[in-house]
Enquirer: 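Just dropping this structure here.
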Amino acid sequence: MEPNRSPDELLFFVNGRKVIEKNADPRMTLLTYLRRKLGLPGTKLGCGEGGCGACTVMVSRFNQFQNRIVHYSVNACLAPICSLHHTAVTTVEGIGSAKTRLHPIQERIAKSHGSQCGFCTPGIVMSMYTLIRNTSEPTMEDIENAFQGNLCRCTGYRPILEGFKSFTKEGCCGKRTENGCCRDTNGANEDISVSSALFDPSEFKPLDPTQEPIFPPELLSYEKPP
Ligand code: FES
Ligand code: FES
């Protein structure tokens, strides 16, 4: 246990900010805690039973068995805060914003018309963000699998997948030439090229994995064997 801390204290991080709960209520979910206590309303309540994914956030922790930091997505509506000791939670507010800089995932879902009412968008963004943190060059199959727990009532899903296709090898890298995508060869990828009439992938900011927030060093010092 970390020095000078009561064994009853719950300690975790949210978007890089340290949270210490001296009287954690075992009935409190992460979703309620984020929205009511920390004032982070980007994570939404859509069902409260794990089916819609509107409450999706990313949790990171140091796994002693694998000796590495692992990232996984979580339904905040079902995660008791008491299960989060020594973890780092990332919400949609933690990866970018219109006031500072949108994350490429946020930018692409917006510019590809993958957000209509917008209520599902933070959860879909966080499912995609977790995937990207685990594999910087996903396949379309990876992307479709990542959204198995996310529902959208408005878009019909297609524009979301079209926008995120730009993160894959099969999709365009964003450097279109007059002959089309630089990765199209002999028309082999014709069926998966995206329409420039709806959005222009060359406008998309590139993904730079080195710019993601770091895992809190304080947590590493508690969990990593010396
Ligand atoms: S609110 Fe629907 S899965 Fe959490
Ligand atoms: S944009 Fe409305 S639910 Fe997805």
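Counting starts at 1 for both ligands and their atoms, following the listed order. Residue numbers run from 1 in the order of the sequence given.
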Enquirer: Can you pull out the closest protein heavy atom to atom 1 (S) of ligand 2? Residue, atom name and distance to 0.1 Å, please.
Expert: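 For this ligand atom, the closest protein heavy atom is Q116 N, 3.3 Å.
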
Enquirer: Could you tell me which atoms of ligand 2, counted from 1 in the order shown, lie closer than 4.0 angstrom to a heavy atom of G118?
Expert: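 Those atoms are 1 (S), 2 (Fe).
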
Enquirer: Does the separation of the ring centres of F199 and F204 fall below 6.0 angstrom?
Expert: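 Under 6.0 Å, so yes.
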
Enquirer: Give the atom numbers and elements of ligand 2 that come within less than 4.0 Å of a heavy atom of C120.
Expert: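 Every atom of ligand 2 under 4.0 Å from some heavy atom of C120: 1 (S), 3 (S), 4 (Fe).
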
Enquirer: Once you round to the nearest 0.5 Å, how far does CE of M58 lie from CG of L131?
Expert: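 One finds 11.5 Å between CE of M58 and CG of L131.
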
Enquirer: Would you say C55 reaches atom 2 (Fe) of ligand 1 with an N/O/S atom under 2.8 Å?
Expert: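 No, C55 does not qualify, because none of its backbone or side-chain N, O or S atoms lies under 2.8 Å.
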
Enquirer: Looking at C77, which atoms of ligand 1 are within less than 4.0 Å of one of its heavy atoms?
Expert: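 Those qualifying, in numeric order: 1 (S), 3 (S), 4 (Fe).
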
Enquirer: Would you say that more than 12 heavy atoms from the other residues, nucleotides or ligands in this model lie under 6.0 Å from the NZ of K37, or not?
Expert: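 Atom NZ in K37 is not packed in, count stays at 12 or less.
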
Enquirer: Under 4.0 Å from a heavy atom of C47: give me the atoms of ligand 1 that qualify, with their elements.
Expert: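 Answer for ligand 1: 1 (S), 2 (Fe), 3 (S).
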
Enquirer: Would you say C52 has an N, O or S atom lying under 2.8 Å from atom 4 (Fe) of ligand 1?
Expert: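 C52 does not place any N, O or S atom closer than 2.8 Å to atom 4 (Fe) of ligand 1.
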
Enquirer: Near G50, which atoms of ligand 1 are under 4.0 Å from a heavy atom of that residue?
Expert: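 Heavy-atom distances to G50 below 4.0 Å select 3 (S).
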
Enquirer: Run the numbers for me: atoms of ligand 1, each under 4.0 Å from some heavy atom of G48, listed by number.
Expert: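 Near G48, the atoms of ligand 1 are 1 (S), 2 (Fe).
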
Enquirer: Hey, which of T87, L11, I69 is the one that makes side-chain contact (heavy atoms from CB on, under 4.5 Å) with L219?
Expert: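 The residue from T87, L11, I69 that satisfies side-chain contact (heavy atoms from CB on, under 4.5 Å) with L219 turns out to be L11.
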
Enquirer: Could you give me the CA-CA distance, side-chain angles and deciding distance for E141 and T139, then say whether side chain to side chain donor-acceptor pair (under 3.5 Å) is met?
Expert: CA-CA 5 Å; E141 190 179 0; T139 64; 5.0 Å; no

Enquirer: Check each atom of ligand 1 against the heavy atoms of G51 and keep those under 4.0 Å away; list them by number with element.
Expert: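 Ligand 1 atoms under the 4.0 Å threshold to G51: 3 (S).
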
Enquirer: For atom 3 (S) of ligand 2, what's the nearest protein heavy-atom neighbour? Residue, atom name and distance, please.
Expert: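 Ranking protein heavy atoms by distance from atom 3 (S) of ligand 2, first comes R153 N, 3.2 Å.
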
Enquirer: Is the H86 ring parallel, tilted or perpendicular to the Y222 ring (thresholds 30°, 60°)?
Expert: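 Correct class here is parallel.
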
Enquirer: At a threshold of 2.8 Å, where the distance has to be below it, does atom 4 (Fe) of ligand 2 have an N, O or S atom of C117 nearby?
Expert: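 Coordinating: no.
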
Enquirer: Hydrogens and angles aside, do T130 and S73 bring a side-chain donor and acceptor to less than 3.5 Å of each other?
Expert: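 No - no donor-acceptor pair under 3.5 Å links their side chains.
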
